Structures are given as structure tokens and as C-alpha cells.
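Everything quoted here is computed from the prediction, not taken from an experiment.
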Amino acid sequence: MVMKRYSLFFLFTLVSLLGAFAQQADSVQAAPQFGVIDYEGVLVLMPEYQEAQAQVDDLKRKYEAESERAEAEFQRKFAEFLEGQKDFPQNIMEKRQKELQTLLEQSVQFRQTAQKLLKEARQDYTANARRRLDAVLAQVAANHHLLFVFNNSGDHIPFVDAERVVDVEAEVLTTLGLSK
């Protein structure tokens, strides 16, 4: 009889525990596992990003000034070439044409290099802001037990079921001390 009671008690306890585990598993499954954020929208609000953008803009102005100077030099030399074209001997004419061609190629090369350097500078200058945003985003995602946080900047995610995802943007902005 005592053994039967212990068996019934053990069976009742086991069923109760299994029911509690099943209920806990259901609540975990029902909780959102994904988050969304307008990453670029938050990034541009950060002071670190704004400082980086100012540095990039300053560098861009310098490159543009140099490019304009080189273009003005080309225009001046081309005008001189056109003026003296009829008076130049053949060898001077060829030399000036090669000089103009070299100036033109250097100008194109400079513009391409400047674009590449500006892109690299933007990445370098904004790296600290991105690292800080990523750290805060990881913290907020961990607080909500999210598996993923998707960047919905620029309509990359055409549909989001608002009941199954967590919009973490407001919390990230608060953590960063920013407002939109």
C-alpha cells in the first residue's frame, strides 16, 4: 500500500513537471525570436557618425578642389594648344598632344583614386560608430533573447509580422542616449 502511494505520488509529480515544462516550452516558442531596426537611420543620428561624416565631407572638398585645379590647368593648356596649333612644328605639336593626353589620363586616374580613398575613409571614420551601435544592438537583442535582428533600412525586408518580431530601434536609441 505504501509502495502504491509512492508510485501514485511519483506519477502525479512526473505529470505535473512534464506539464510545466510543456507550458514553459510553449511560452518560449510564442516569444518573438527576431528583431528589426533601421540600422542606417539610427547610425546617422549618432554623434560619432556625424563627426565622421564631417571629416569625409572635408576630405571630399579637398579632393574636389584638387580636381578642379587640375581641370583648370588642362583647360588652360588646351586653349594654348589650340591657339598655337597652326604655328607649331610637327614635333612640338605631337609633344603638346602627348602632354594633354597625359594630363587627361592623370585627371581621370585622380578622380578614380579619390573615389576609392573617400570610400575607404568613410569606412574607417565610421568604424567606431558602427562598433558602438553593434555593441548596443547586441545588448538589446540579448535582453529580449532574440536570435536575429534584421536591418530593415531601405525596404530590404518587404514584410514583417509585427506580432512576431520586436522593433528594437526605440530601445537602442534610448540606450545610445539619442532620440529620433
Side-chain angles (χ1 to χ4, degrees), residues 15-75 102-180:
V15 168
S16 297
L17 284 174
L18 287 175
F21 286 137
Q23 185 178 12
Q24 184 178 9
D26 286 343
S27 68
V28 167
Q29 283 181 340
Q33 297 177 336
F34 305 104
V36 293
I37 188 171
D38 179 357
Y39 189 91
E40 298 301 319
V42 172
L43 187 65
V44 299
L45 295 174
M46 297 176 64
E48 300 95 322
Y49 182 86
Q50 293 170 1
E51 290 171 20
Q53 187 61 45
Q55 290 174 320
V56 170
D57 290 345
D58 184 48
L59 188 58
K60 185 177 180 180
R61 279 190 296 277
K62 290 176 182 175
Y63 285 143
E64 286 174 353
E66 177 59 24
S67 182
E68 288 171 6
R69 187 206 59 76
E71 187 174 327
E73 179 183 356
F74 176 81
Q75 292 294 335
T102 300
L103 283 174
L104 186 60
E105 289 170 0
Q106 287 173 347
S107 177
V108 169
Q109 172 92 27
F110 177 77
R111 286 182 185 268
Q112 291 172 344
T113 302
Q115 288 299 326
K116 180 182 173 206
L117 292 174
L118 278 171
K119 183 179 178 184
E120 291 172 2
R122 183 179 311 279
Q123 290 172 345
D124 290 346
Y125 293 156
T126 62
N128 287 335
R130 288 181 185 279
R131 277 193 292 274
R132 181 170 174 232
L133 178 53
D134 290 346
V136 168
L137 189 54
Q139 173 190 351
V140 170
N143 291 346
H144 290 278
H145 306 288
L146 301 175
L147 298 174
F148 298 99
V149 176
F150 295 103
N151 178 7
N152 65 353
S153 296
D155 296 330
H156 293 291
I157 304 174
F159 171 76
V160 175
D161 183 350
E163 294 192 20
R164 295 188 181 201
V165 300
V166 177
D167 188 346
V168 296
E169 187 170 326
E171 190 173 342
V172 168
L173 286 169
T174 302
T175 306
L176 290 169
L178 303 171
S179 62
K180 203 163 191 178

To check you understand the geometry: which heavy-atom pair defines the closest contact between Ser179 and Leu45, and what is its length?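 Heavy atoms of Ser179 and Leu45 come nearest at O-CD1, 4.0 Å.
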Which residues pass the salt bridge (Lys or Arg N to Asp or Glu O under 4.0 Å) test with Arg61, not counting sequence neighbours?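 Partners of Arg61 by the salt bridge (Lys or Arg N to Asp or Glu O under 4.0 Å) criterion, ordered by chain and then number, come out as Asp58.
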Salt bridge (Lys or Arg N to Asp or Glu O under 4.0 Å) against Lys60, all qualifying residues, sequence neighbours excluded: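 Here no residue qualifies.
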List the steps and the verdict of side chain to side chain contact (heavy atoms under 4.5 Å, CB included) for Gln50 and Val44. CA-CA 7 Å; Gln50 293 170 1; Val44 299; over 6 Å; no
Listing request: all salt bridge (charged side-chain N to carboxylate O under 4.0 Å, His left out) pairs with a residue in residues 131-153, at least two apart in sequence or in separate chains.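 Salt bridge (charged side-chain N to carboxylate O under 4.0 Å, His left out) check on residues 131-153 returns Glu48-Arg132.
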Determine all donor-acceptor pairs shorter than 3.5 Å in which one atom belongs to a side chain in residues 144-153; sequence neighbours excluded.
| residue | atom | partner | partner atom | Å |
| --- | --- | --- | --- | --- |
| His144 | NE2 | Glu171 | OE1 | 2.5 |
| Asn151 | OD1 | Tyr39 | N | 3.3 |
| Asn151 | OD1 | Ser153 | N | 2.9 |
| Asn151 | OD1 | Ser153 | OG | 2.7 |
| Asn152 | OD1 | Asp38 | N | 3.2 |
| Ser153 | OG | Asp38 | OD1 | 2.6 |
| Ser153 | OG | Tyr39 | N | 3.1 |
| Ser153 | OG | Glu40 | N | 3.1 |

Interatomic distance, [X] atom [atom1] to [Y] atom [atom2] [nearest 0.5 angstrom]:
{"X": "Met46", "Y": "Asn128", "atom1": "CE", "atom2": "CG", "value": "9.5 Å"}
{"X": "Glu64", "Y": "Leu118", "atom1": "CD", "atom2": "CG", "value": "8.5 Å"}
{"X": "Leu133", "Y": "Leu173", "atom1": "CG", "atom2": "CG", "value": "9.0 Å"}
{"X": "Leu103", "Y": "Gln75", "atom1": "CG", "atom2": "CD", "value": "11.0 Å"}

Backbone N or O of Tyr125 within a donor-acceptor pair of the Gln55 side chain at under 3.5 Å?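 Such a contact is absent between Gln55 side chain and Tyr125 backbone.
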Should Arg69 and Glu73 count as an ion pair when the cut-off is N to O under 4.0 Å?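 Looking at Arg69 and Glu73, the cut-off is met.
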Under 4.5 Å between any side-chain heavy atoms of [X] and [Y], yes or no?
{"X": "Val168", "Y": "Val36", "value": "no"}
{"X": "Phe110", "Y": "Glu66", "value": "yes"}
{"X": "Leu104", "Y": "Phe74", "value": "yes"}

Which side-chain hydrogen bond (donor to acceptor under 3.5 Å, both in side chains) pairs, counting each pair once, include a residue from residues 107-122, with sequence neighbours left out?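 Output for this query lists Gln53-Arg122, Ser67-Arg111, Glu71-Arg111.
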All side-chain contact (heavy atoms from CB on, under 4.5 Å) counterparts of Glu51, not counting sequence neighbours: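 Scan of Glu51 (side-chain contact (heavy atoms from CB on, under 4.5 Å), adjacent residues dropped) gives none.
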